[in-house]
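One structure below.
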Amino acid sequence: MLEPIHGYAVMQNIEKITNGRVLLGAGTLYGAINTLLEKHWICAVTGDNNSRKKDYIITDLGRKILQRELVRLEELFVNGKNKLGDSQ
């Protein structure tokens with residue numbers, strides 16, 4: 001959600017970037033969107049009033065959380081690679 005995007009497009013993008021490995025159902029996606037909204041990690045973007053689709057975008061707080069999560073995942077990746085290297 002680095003650019004304004006609606007829920008169905010999020011589902012499609014996740015399926016595409018995971019080569020079909022991750023398929024989000026509408027309930028899962030919109031539950032996650034509601035949680036992200038409550039935490040103020042994303043916000044709804046006002047757009048075309050004629051459209052029923054609601055777009056969302058990451059907030060500054062959400063971007064900070066995302067950056068911290070990437071650092072955490074990188075650390076897990078390095079630890080896993082190091083552990084595998086130790087066992088070979």
Distance from Gln67 atom CD to Arg72 atom CZ, nearest 0.5 Å?
15.0 Å
Does anything in residues 15-28 form a side-chain hydrogen bond (donor to acceptor under 3.5 Å, both in side chains)? List the pairs, not counting sequence neighbours.
none
Can you sort out the partners of Ile65 under side-chain contact (heavy atoms from CB on, under 4.5 Å), two or more places apart, ordered by chain and number?
Trp41, Leu61, Arg68
Among Ile, Leu, Val, Met, Phe, Trp and Tyr joined by side-chain contacts under 4.5 Å, find the other residues sharing a cluster with Leu76 and list them by chain and number.
Leu73
Which heavy-atom pair separates Tyr30 from Tyr8 by the least distance, and what is that distance?
OH-N, 3.7 Å
Can you tell me if CG on Asp60 sees more than 12 non-hydrogen neighbours from other groups inside 6.0 Å?
no
His40 NE2 to Glu38 CD distance, which is reported to the nearest 0.5 Å
8.5 Å
What residues form a side-chain contact (heavy atoms from CB on, under 4.5 Å) with Ile58, not counting sequence neighbours?
Leu2, Arg63, Leu66
Distance in Å, Lys39 NZ paired with Thr59 OG1, rounded so as to fall on 0.5 Å steps
12.0 Å
Kindly indicate whether the side chain of Asp55, heavy atoms from C-beta on, has any atom under 4.5 Å from the side chain of Ile5.
no
Above 12 or not: heavy atoms from other molecules or residues under 6.0 Å from CD of Glu3?
no
Answer yes or no: is there a side-chain heavy-atom contact under 4.5 Å between Leu36 and Tyr56?
no
Considering all heavy atoms, the nearest Leu29-Leu24 contact
CD1-CD1, 4.0 Å
Holding to side-chain contact (heavy atoms from CB on, under 4.5 Å), I want the full list of residues that pass it with Ile57, two or more places apart in sequence or in another chain.
Pro4, Cys43, Val45
Test of understanding: with side-chain contact (heavy atoms from CB on, under 4.5 Å), list the residues that count as partners of Lys64, not counting sequence neighbours.
none
